[in-house]
Number of protein chains: 4
Amino acid sequence: MALNKRDSIVASSLVLFAERGYDATTIPMIASSAGVGAGTIYRYFENKEVLGNTIFQEYVKIFTNTVENDFPYEQSIRNQFHHIFQSMIQFTKEQSQALYFIRTHSSAHFLNEESHTCFEELLNLFKCFFDSGKEKKVIKNLPSTALIAILYGAFLELQRLVRIGELEPDTSMLSDVEESMWDAVRLHM
Amino acid sequence: MALNKRDSIVASSLVLFAERGYDATTIPMIASSAGVGAGTIYRYFENKEVLGNTIFQEYVKIFTNTVENDFPYEQSIRNQFHHIFQSMIQFTKEQSQALYFIRTHSSAHFLNEESHTCFEELLNLFKCFFDSGKEKKVIKNLPSTALIAILYGAFLELQRLVRIGELEPDTSMLSDVEESMWDAVRLHM
Amino acid sequence: MALNKRDSIVASSLVLFAERGYDATTIPMIASSAGVGAGTIYRYFENKEVLGNTIFQEYVKIFTNTVENDFPYEQSIRNQFHHIFQSMIQFTKEQSQALYFIRTHSSAHFLNEESHTCFEELLNLFKCFFDSGKEKKVIKNLPSTALIAILYGAFLELQRLVRIGELEPDTSMLSDVEESMWDAVRLHM
Amino acid sequence: MALNKRDSIVASSLVLFAERGYDATTIPMIASSAGVGAGTIYRYFENKEVLGNTIFQEYVKIFTNTVENDFPYEQSIRNQFHHIFQSMIQFTKEQSQALYFIRTHSSAHFLNEESHTCFEELLNLFKCFFDSGKEKKVIKNLPSTALIAILYGAFLELQRLVRIGELEPDTSMLSDVEESMWDAVRLHM
DNA sequence: TATGAATGAGCCTTCATTCAT
DNA sequence: AATGAATGAAGGCTCATTCAT
């Protein structure tokens, strides 16, 4: 926790935004949780809205990078799906609060154009994957947005369970879940 | 809209809570939208928190009832799944705002014990279904909480797309989605 | 002091703005001086800036009306001057703080276009008078803005003395001052 | 502008206080305008209030000295008046911001006893002049405070016009103004 | 000596809640 | 029972002031 002040503010904000939501989180809460004065926050972020957008974009980008990193474009759709699923798990592990924050705020009123674009880019990654999968007749012929919703929605809800301690994310369970979600999107012949 | 005042307040609150979120909705907003004086709301609800919890519980119960109603306990797991899926769609159609409100507020900071219990009961319905399905070797051997998360999470995310107009909920698409989600949870032999 | 709330707020604001200046006067100060809650001020004025502008315009208009009222256009320049001087004295008596507030804030940073226009109209009254006086060769041939400055500036400073109790505004002194100021602007042949 | 730091702070403060007013001028503004760190200001002035008072007194004293300097005690009242008027013009020219600052802050809330005394001393100069003039039956028999108000008030208002560019301070206009103000205070027989 | 990051008191403003009507 | 004017606690934010470097 003994990071520099900016990181400390970001970390505390993320946790509070995830736990209570942006609107129910006050600047004094963030300040005290980050161990800084309320005024200090304004040395790093113009205002609360900018803070919210910055954090949103920062973590969406980390998520996007996690998925994009070493993406096995040359391999089978199933392997690509495996990569995506593993990326989601890895991001969840490293940034347990971040994914939940992104989920609960991806259409929040305070998000600006840039944040939306940033989020679209993430979704676009998934879209490309599903489109190529549909082309190869490996993925169900549902709208890509729907396929993303199924994968992303299910994953987020699972992640919520892990967060609140209702689900133990051991390897075997995770691989079962991966199989379940693959079953959901793949074309059964 | 000429309901009695209480219902009018509940209806208006639901819409506003769904559209703007609980924290960003003010009592005067609700009052003016419900066509009553601000003070009147306090004749029916002790305070904003009670109002929020009441609405949450009310609609979760309606959802629960929709699923429980005419539940085909005697029929196949697949038929039971169909019933559940149809119930979700029906509830979505009838109470388009309600499901979104429940989704976005199911772990809101203002919810009290009773609200959480109420929500657990809804999830428990699904749990029972999945448990019996697993027993009969028709449903994947994943924790029921995980299966619920997959079904519920995916459905909610899809519903969000419909809400924002990104997805057209025609019959054929819906039946494809049902199939996809059944694929996700059923045991493939 | 038992006026309605709006008037009470206006009256208190005027006194405080005059005594401490707009920037050094806080909303809580006004509220407590007016005997209302801080929030109440915002039922009557959108914000502090609007409050400042409203008061400025309100009193400038009263001043303007005081001067315009029964203006003896048909009479001699000297009589017109007498009317103007008497109007200033009357306004000062009735609204002792107002003139000082106007003086100290007539180029304040918070004034909007409308306030400036309103003030220009007041100055224009004087300008017209001096212009007609110059035409008739009764008033010195100085720019009207300068003549206004001399009359208005001197009067304001005198009024300040009365306010702080350094000068007793009895009739004979006032008529001497009027004579002095008339001497300042009239053309001596 | 490469003065020592103290002078640089004083000069910058004067300009900002004159332009924006004491209350609307922040310490960081002064610091950046003076090219020093914000903390440095506190090496030279205990706090903002002390800074304000110091500057007020400093410039009032310069004004006083300008008037006192080479005062023609031996000459006629008219000549003395000319000296005073010329001093005011000279001070205005050299310290254009200072006179405006003094004018707009001469009864500011932050001024302490010493500042008021200092200002009184300036006024006292004028008082002595008018008293001796009245004794010699050259000046109107008005209270000296009133005569000062007329001279000083008119002059300040004129100076404001020059400042905002509404009046061109050429020699002929200035001598007309001097004549006008002399007419205001002198005894007409 | 000089700095500017950090602080927190206090500002303006909003809004849940009360209460006289 | 219903209202909405009034309230004041609390939020976001600014800025005079301090202090470690």
Side-chain angles (χ1 to χ4, degrees), chain A residues 4-6 8-9 22-32 34-52 110, chain B residues 4-6 9 22-32 34-52 110, chain C residues 4-6 8-9 23-32 34-52, chain D residues 4-6 9 22-32 34-52 110:
Chain A
N4 66 52
K5 303 227 178 245
R6 203 203 102 109
S8 180
I9 291 164
Y22 174 85
D23 286 311
T25 301
T26 70
I27 295 288
M29 275 177 198
I30 295 171
S32 101
V36 303
T40 304
I41 293 173
Y42 292 85
R43 289 197 70 73
Y44 296 97
F45 303 95
E46 209 180 317
N47 53 44
K48 193 185 171 186
E49 209 170 306
V50 168
L51 172 62
F110 67 86
Chain B
N4 65 56
K5 294 203 187 279
R6 203 204 100 108
I9 292 165
Y22 173 86
D23 288 306
T25 301
T26 70
I27 294 289
M29 274 177 200
I30 296 171
S32 107
V36 303
T40 305
I41 293 174
Y42 288 83
R43 295 216 143 269
Y44 296 97
F45 304 93
E46 207 180 321
N47 54 42
K48 192 185 174 185
E49 209 170 305
V50 167
L51 173 61
F110 66 85
Chain C
N4 66 53
K5 304 226 179 245
R6 202 203 103 109
S8 180
I9 291 165
D23 286 312
T25 301
T26 70
I27 295 289
M29 275 177 198
I30 296 171
S32 101
V36 302
T40 304
I41 293 173
Y42 290 84
R43 290 197 68 74
Y44 296 96
F45 303 95
E46 210 179 316
N47 53 43
K48 193 185 172 185
E49 208 170 309
V50 167
L51 172 61
Chain D
N4 66 55
K5 294 204 188 277
R6 202 203 102 107
I9 292 165
Y22 173 86
D23 288 305
T25 301
T26 71
I27 295 288
M29 274 176 199
I30 296 171
S32 107
V36 304
T40 305
I41 292 174
Y42 288 83
R43 296 215 143 269
Y44 296 96
F45 304 93
E46 207 180 321
N47 54 42
K48 192 184 173 184
E49 209 170 306
V50 167
L51 173 61
F110 65 86

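Throughout, a chain's letter reflects where its sequence line sits, starting with A, and its residues are numbered from 1. When reading the values below, keep in mind they use all heavy atoms of this one structure, side chains included, and skip hydrogens, waters and symmetry mates.
The OH atom of A:Tyr44 lies 6.5 Å from the CG atom of A:Asn4; values are rounded to the nearest 0.5 Å. A distance of 9.0 Å separates CD1 in B:Ile27 from CD1 in B:Ile9, rounded to the nearest 0.5 Å.
In this structure, B:Ile30 atom CD1 and E:dT17 atom P are separated by 11 Å, rounded to whole Å. When the P atom of E:dT14 is taken as reference, atom NZ of A:Lys48 falls 15 Å away, rounded to whole Å. A straight line from CD1 of C:Ile9 to C1' of F:dA6 spans 10 Å, rounded to a whole angstrom. Separating the CG atom of C:Asn4 from the P atom of F:dA5 is a distance of 14 Å, rounded to the nearest angstrom. At whole-Å resolution of the value, CG in B:Leu51 and P in E:dT17 are 10 Å apart. Straight-line distance from the CG atom of B:Asp23 to the P atom of E:dA16: 10 Å, rounded to whole Å. Counting to the nearest Å, the P atom of E:dG10 and the CE atom of C:Met29 are 11 Å from each other.
Minimum heavy-atom separation, C:Met29 to C:Thr25: SD-CA, 4.0 Å. Residue C:Asp23 comes nearest to C:Lys48 through the heavy atom pair O-NZ, 4.0 Å, listed as atom of the first residue, atom of the second, then distance. Heavy-atom minimum distance, D:Asn47 versus D:Tyr42: CA-CE2, 3.8 Å. The two residues C:Ile41 and C:Leu51 make their nearest non-hydrogen contact at CG2-CD2, 4.4 Å. Across A:Ala34 and A:Ser8, no two heavy atoms sit closer than the pair O-OG, 3.0 Å.
The nearest heavy atom of DNA chain E to A:Val36 and to C:Thr26 marks one nucleotide each, and the one closer to the 5' end goes with A:Val36. Residues C:Thr25 and D:Ala38 each lie close to DNA chain E; by heavy-atom proximity, the contact nearer the 5' end of the strand is made by D:Ala38.
Residues from residues 39-46 of chain D with heavy atoms under 4.0 angstrom of DNA chain E, sorted by number: D:Gly39, D:Thr40, D:Arg43, D:Tyr44.
The side chain of A:Lys5 approaches E:dT7 more closely than any other nucleotide in the set F:dT7, E:dT7, E:dT13.
With hydrogens and angles disregarded, a donor-acceptor distance shorter than 3.5 Å links the side chain of B:Tyr22 to the backbone of B:Glu49.
Contact annotation for C:Ile27: base contact, defined as any heavy-atom pair under 4.0 Å involving a base atom.
Both key distances under 3.5 Å define a Watson-Crick or G-U pair, and stretches of 3 or more such consecutive pairs in DNA chain E run E:2-21 with F:2-21.
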